[in-house]
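Atom set for the values below is all heavy atoms of this structure, side chains included, hydrogens, waters and symmetry mates excluded. So you know, we letter chains A, B, ... as the sequences are listed, proteins then strands, and number each from 1.
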Amino acid sequence: MGAGHAHKLYRHGHSPVHALPPHCKLAAVLCFVLVVVSTPREAVWAFGLYAVLLAGVAALARVPAGFLLRRMLIEVPFVAFAVLMPFVVPGDQVQFLGLSLSVPGLWGAWNVLAKGTLGVAASVLLASTTELRALLLGLQRLKLPPMLVQIASFMIRYGDVITDELRRMSIARRSRGFEARGVRHWGVLGKSAGALFIRSYERGERVHLAMMSRGYTGTMPVIDEMTASRAQWTSAAALPLSALAVCLLGWTLL
Amino acid sequence: MHVPDGMINLPVSAAAGVVAAGAVAASLRGARRELGSGPLAEGHGAERTAPLAGLVAAFIFAVQMLNFPVAAGTSGHLLGGALAAILVGPYTGVLCIAVVLLMQGILFADGGLTALGVNITVMGVVTVIVSYGIFRGLLRVLPRKRRSVTVSAFVAALVSVPAAAAAFTLLYAIGGTTDIPIGKVLTAMVGVHVLIGIGEAAITALTVGAVIAVRPDLVHGARGLAAPLKLRVDGELVDAPAPAAGPAVPVAARSPRGLLAAGLGTALLLAGVVSFYASANPDGLEKVAADKGIDKEVEEHAAADSPLADYGVKDISNARLSGGLAGMIGVGATVVVGSGIFYVVHRRRTTNAPGSSGPSASASASAEQA
């Protein structure tokens, strides 16, 4: 743990967005995404306004645009899917650059791209302004079953340990001259995965015994009870409420 | 395969969310039972759940990063649903996949927040149920050897991936935001995912085989395979005295009756009631056939005159009622034929080995229990 205790997803800061209680932020992001998804796709300008809203939040949180955009690369695979849509959906065709594209397909691609991108941007902003542990506590405050939150917190805590274990195994293999080049080497990789499972499971058993010896009875004590003041809820609600106004405007102007 | 926001409309996403929440709630209870069994673990199910399921979820998360080279330059990775179900049992499997998807959605923005229910239902629930069902079914039929476990794991993973793709297509057909012809979606999705499924199957089988070689007791799906402990007393092998209060009782030792009844009920409900709302338009294949004129040469099916032809009961004129009735009769017939086949195969397997009646009888007994 010498390399700092914050996860690399989190971007440390002291902005007003960082200071909001996690459950307010979670609820705000969820409501925002819900509003975005229920906006009619024909209201193109509305999605532009949503993007402006998110950019405002990012500026307020002092998250640089490059960081945000790099993290948003996660959606590249489904961009490929969206790009295919204009070619496979039947309907009226338009000619563009010598290609024949279908109009409903273009609308569908736009719909998925715009809503998906906004959703990804909102989640990335949430994860980069909230510490992992705080996020888990926020989920618990939002009445997720405590057991689920505990499992998630164990997964987050040991995720890096297990991933590092996988990396060490890969280094050990490579330092012995192994290089996975094709299907022939799947056997070795499968054995690695099997060994990783056994190590993870046995580590889980050891963690359980260690916790038992420290008085664990199946529930985690909540030490820092988080509360949110009315002002904090109001400022967190600013994002989804302004988005809701845009959405309603979009439906009426349609 | 993570579904983003805006691909499936809100009502269907909400319905999938309800399904996912129900499945996770049931899994929380079931996982306590699954993880609470084992030599060290009696009575510790509740407090073992969090650390063990958490570590297994971390394992799934890590193993999804293990890249498997396919051919020059391309590589794939494991999805892990079938692997989790076979290694730690179906309930814990659903739970772990759900937690992984939740964390991926919130932290890595992988998969939309409003599509979380869809993602959990498709990748967690459908994958695990299909793969575990096939796995258990095959284990019953195949001889009780270790090789059968890996073979069953292979087939289970192979089928589970296209099954998840088909489930996604179904959701897309009901609530997709763009009208892509469903036939095309299904062909593309299932086609691609059959290929992915082959890789998934090979790696799942290799991984299960590797675990079984070292710690067979950790493979939930192979618990029935453990040979009874023998002691050598005065040069003779005798059975070791059974430990008190059988910790070796398989977890799934509860009667499957509830599960069967629920499954049958759901199938009847889907066939009888939900099919009312299915599209009356020809499906993709029928439509393509009609458009291209393929169907001109199709002769009427031999059973076209049967009372159930074209999914309707002949003498009932109300289209919905007749469609529903036909669906329910179809489900009933499928159940009867399917269980008949299973019964025959099961009978043959148990009567084929009269010489080794001891282990085989106990085997079938434990198979009955499981």
Side-chain angles (χ1 to χ4, degrees), chain A residues 9 29-30 33-34 36-38 74-75 78 85 88-90 104 108 111-112 115-116 119-120 123-124 126-127 135 145 147-148 150-152 154-156 158-159 162-163 166 180-183 185-187 189-198 200-201 203-204 207-208 211-212 216-218, chain B residues 2 4-7 10 24-25 28 40 44 46-59 61-63 65-66 68-71 78 87 95-96 99-100 102-103 105-110 112-114 177-181 184 202-203 205-211 213-215 218:
Chain A
L9 295 174
V29 167
L30 193 61
V33 178
L34 275 177
V36 168
V37 170
S38 45
I74 187 114
E75 64 162 349
F78 93 82
M85 269 192 181
V88 294
V89 178
N111 182 51
V112 171
K115 293 178 178 173
V120 167
S123 308
V124 167
L126 172 70
L135 264 182
M147 184 59 91
L148 205 62
Q150 268 193 59
I151 295 175
F154 273 105
M155 182 202 140
I156 291 299
Y158 287 93
I162 305 291
T163 317
L166 190 66
R181 268 187 304 267
V183 181
H185 300 113
W186 281 10
L189 296 177
K191 284 195 185 73
S192 301
L196 187 70
F197 169 73
I198 294 172
S200 312
Y201 197 91
R203 189 185 290 275
V207 167
H208 167 241
M211 289 172 63
M212 292 277 285
Y216 175 68
T217 53
Chain B
H2 292 72
D5 288 313
M7 202 155 178
L10 274 182
V24 168
L28 274 172
L40 292 172
H44 294 308
E47 72 234 21
R48 267 165 71 92
T49 310
L52 280 180
L55 265 293
V56 173
F59 161 74
F61 184 70
V63 92
M65 296 180 195
L66 186 60
F68 291 87
V70 178
L78 205 60
L87 285 182
L95 203 55
C96 293
V99 168
V100 168
L102 174 73
M103 289 292 110
I106 291 182
L107 298 181
F108 298 91
D110 201 2
L113 286 184
T114 56
T177 47
T178 308
D179 288 327
I180 306 180
K184 267 188 197 168
I203 293 155
L206 286 169
T207 308
V208 170
V211 178
V214 184
R215 287 285 303 268
L218 286 193

Max heavy-atom pair count under 4.5 Å with chain B, selected residue of [options]:
| options | answer |
| --- | --- |
| A/Phe154, A/Tyr158, A/Phe197 | A/Phe197 |
| A/Gly187, A/Ser192, A/Gly119, A/Ala193 | A/Ala193 |
| A/Val207, A/Leu196, A/Leu126 | A/Leu196 |

Largest heavy-atom contact set with chain A, pairs under 4.5 Å, which of [options]:
| options | answer |
| --- | --- |
| B/Leu95, B/Ile203, B/Leu218 | B/Leu218 |
| B/Ala62, B/Pro51, B/Gly209, B/Gly105 | B/Pro51 |
| B/Val63, B/Leu10, B/Val208 | B/Leu10 |

Exercise. Heavy-atom distance under 4.5 Å to chain A: side chain of B/Met7, backbone, both or neither?
Worked result: both
For this session: Could you check A/Ile156 against B/Leu107 for side chain to side chain contact (heavy atoms under 4.5 Å, CB included), going step by step and ending with a plain yes or no?
Result: CA-CA 10 Å; A/Ile156 291 299; B/Leu107 298 181; 3.5 Å; yes
For this session: Grab the two heavy atoms, one from B/Pro4 and one from A/Val112, that are nearest each other, plus how far apart they are.
Result: CG-CG1, 4.3 Å
Problem set entry | Shortest non-hydrogen contact between B/Ala58 and A/Met155, atoms and distance | N-CG, 3.6 Å
Seminar exercise, completed: B/Ala205 meets the side chain to side chain contact (heavy atoms under 4.5 Å, CB included) criterion, sequence neighbours left out, with B/Phe154
For this session: Show the numbers, then the answer: is there a side chain to side chain contact (heavy atoms under 4.5 Å, CB included) between A/His208 and B/Leu52?
Result: CA-CA 8 Å; A/His208 167 241; B/Leu52 280 180; 5.6 Å; no
For this session: May I have the step-by-step check of side chain to side chain contact (heavy atoms under 4.5 Å, CB included) for A/Ser200 and B/Val56, ending in yes or no?
Result: CA-CA 7 Å; A/Ser200 312; B/Val56 173; over 6 Å; no
For this session: Name the region of A/Leu34, side chain, backbone, both or neither, that has any atom closer than 4.5 Å to a heavy atom of chain B.
Result: both
